[in-house]
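Everything quoted here is computed from the prediction, not taken from an experiment. Residue numbers start from 1 in every chain, and the chains themselves are labelled A, B, ... in the order their sequence lines are given, proteins ahead of strands.
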Protein chains: 2
Amino acid sequence: MMGPLEAYLPYLLNRAGARLAAAFQAEVRPLGASLQIWRVLAALRERDRRRMGDLALTTAIEVSTLTRLVDTMERRGLVARRRAERGDGRTIIVRTTPEGRRLTARLVPVARRYETVALAGFAPADAEQLKDALRRLYANLDALPANGDAAASTRKEKRP
Amino acid sequence: MMGPLEAYLPYLLNRAGARLAAAFQAEVRPLGASLQIWRVLAALRERDRRRMGDLALTTAIEVSTLTRLVDTMERRGLVARRRAERGDGRTIIVRTTPEGRRLTARLVPVARRYETVALAGFAPADAEQLKDALRRLYANLDALPANGDAAASTRKEKRP
DNA sequence: TCCAATAATTTGTAAATGCAAATAATTGAC
DNA sequence: GTCAATTATTTGCATTTACAAATTATTGGA
């Protein structure tokens, strides 16, 4: 980073993301939700009954933060937790409740509108190209410290 | 939002931003900085002596959060605050100290590297197009609640 | 001049966050 | 089958964060 901030990609990314997040958050709050709650519900809407770690990865919420968020959502009757009985018994499976799906149904239209507003004036091809660039960007960062590079944190010497 | 998350723009935006932020944060922490500290320093690097509100706007940090962040940075000798004596006396001017500029100098190379890594494999024109799309996106969101639409929160009836 | 309205910043306070340590369960080597 | 290493999740705890209310200062009338 050297020139003006306007030319610095992480800056542009954060700026756009923060503005989107702030506006969305303000809008769903009266509905009894938060941005983070929406993220969990959206992930479970795409595929229900997910493991905590899986949810953390798709929502980009830290696992320990997610634990407490799911606590809250469980208390509110939006999701339920149970330990996996088939397969790996260390994992906890989170699933939505009818109440959770009801709330999701009220949030989806808001989310849809945000996609529309954000991409106003974009030709369909331009919107697609933007999305694709963001996917590539994300993939590029995979190898960095503190990220999906699970191998890096696991990699070790062969017995000293 | 209806289909898979992979097609939902706010999701892609947050996912990329969060991964970038997490990795950067992990990397600058040993240098005694944080992502938020970097954002303030980067803003002041572009233009020093800014008002708090201005700083909040460019860093996308909430004003009240920024107040306390600047408290910390001031205690650490990275910036100094003074009340504006010329012009509007309500405003507080923040400026960097030599120590702050020293830290900035150590952070800039890291920031540069992140831009490079994030955009690896992008043709220069593609990178430019991505940045431009993010600027347009940001502008599109300007009219939304809880955002730059200062007029909206100020707008009022003409004396009932 | 004095005042009401506006604006910039800070403070009160409760909640959210993240790192590190602890807990719980699995796996593979022997 | 047992045990060390690994993995998934939670907990402890200090910090960060955000909303709302309070504070400080300016501005434009009457």
Side-chain angles (χ1 to χ4, degrees), chain A residues 18 21-27 29-30 33-40 50-57 59-76 81-94 145-147 150-151 153-160, chain B residues 18 21-26 28-30 33-37 39-40 50-57 59-76 81-94 145-146 150-151 153-160:
Chain A
F24 185 86
Q25 166 102 311
E27 200 153 339
R29 184 202 278 258
S34 70
L35 179 54
Q36 301 290 64
I37 285 179
W38 158 246
R39 284 184 177 137
V40 171
R50 284 174 189 254
R51 305 185 297 122
M52 290 292 294
D54 178 10
L55 264 185
L57 205 58
T59 58
I61 299 171
E62 240 272 323
V63 275
S64 76
T65 301
L66 184 67
T67 285
R68 284 173 258 241
L69 177 57
V70 170
D71 285 349
T72 305
M73 293 178 70
E74 200 170 22
R75 256 185 279 110
R76 290 230 237 145
R81 256 195 269 238
R82 67 154 207 278
R83 190 166 286 275
E85 60 271 307
R86 301 240 150 248
D88 192 332
R90 285 168 302 184
T91 65
I92 297 285
I93 306 295
V94 184
N147 272 326
S153 43
T154 300
R155 209 143 41 214
K156 39 183 299 211
E157 312 75 10
K158 40 200 70 162
R159 308 274 265 87
Chain B
F24 185 86
Q25 166 102 311
V28 300
R29 185 202 277 255
S34 69
L35 179 54
Q36 301 290 63
I37 286 179
R39 285 185 177 139
V40 170
R50 284 175 188 253
R51 306 185 296 119
M52 291 292 293
D54 178 9
L55 219 41
L57 206 58
T59 59
I61 298 171
E62 240 273 322
V63 275
S64 76
T65 302
L66 184 66
T67 286
R68 282 174 256 242
L69 177 58
V70 170
D71 286 348
T72 305
M73 293 178 70
E74 200 169 22
R75 255 185 279 111
R76 290 229 238 145
R81 257 196 269 238
R82 66 154 207 277
R83 190 166 287 274
E85 59 270 308
R86 300 239 151 249
D88 192 331
R90 287 168 299 185
T91 65
I92 296 284
I93 306 295
V94 184
S153 43
T154 300
R155 206 142 44 212
K156 41 182 302 210
E157 312 75 9
K158 37 198 73 159
R159 307 275 266 89

Note: for A/I93 and B/L69 on DNA chain D, the residue whose nearest nucleotide lies more 5' is A/I93

| request: Kindly say if A/Q36 contacts the phosphate of C/dT17, meaning a side-chain N or O under 4.0 Å from OP1 or OP2. | output: yes

Scan A/T91 against the nucleic acid and name what it touches under 4.0 Å (heavy atoms): base, sugar-phosphate only, or nothing. sugar-phosphate

Distance col, row A/D54:CG vs A/T91:OG1, nearest 0.5 angstrom, shows 10.5 Å

Taken to the nearest whole Å, CE/B/M73 to C1'/D/dT16 is 15 Å

From CE of A/M52 across to P of C/dG18 the rounded distance in Å is 14 Å

Rounded to whole Å, the CZ-C1' distance (A/R81 to D/dA8) equals 13 Å

To the nearest angstrom, the CG-P distance between A/L57 and D/dA8 comes to 11 Å

In A/R51, A/R50, A/M52, the residue satisfying side chain to side chain contact (heavy atoms under 4.5 Å, CB included) with A/V94 is A/M52

Residue set satisfying side chain to side chain donor-acceptor pair (under 3.5 Å) with A/S64, at least two apart, ordered chain then number -> A/E62

Given protein heavy atoms under 4.0 Å, the one-letter contact record of nucleotides 19-29 of chain C, with B base, S sugar-phosphate only and - none, is simply B-----BS---

Rounded to whole Å, CZ of A/R76 lies from C1' of C/dA15 at a distance of 12 Å

The nucleotide from D/dT10, D/dA8, C/dT9 with an atom nearest the side chain of A/R51 is D/dA8

Rounded to whole Å, the CG-C1' distance (B/L55 to C/dT9) equals 13 Å

Smallest heavy-atom separation, B/A56 atom then B/V63 atom, equals CB-CG1, 3.5 Å

What one should report as the nearest heavy-atom pair of A/L66 and A/L55 is CD2-CB, 3.6 Å

Separation of D/dT10 atom C1' from A/D71 atom CG, nearest Å, is 9 Å

When rounded to the nearest 0.5 Å, the distance separating CD of A/Q36 from CD1 of A/I61 is 4.0 Å

From CG of A/L66 across to P of D/dT10 the rounded distance in Å is 8 Å

With sequence neighbours left out, the residues meeting side chain to side chain donor-acceptor pair (under 3.5 Å) with A/E74 are A/R81

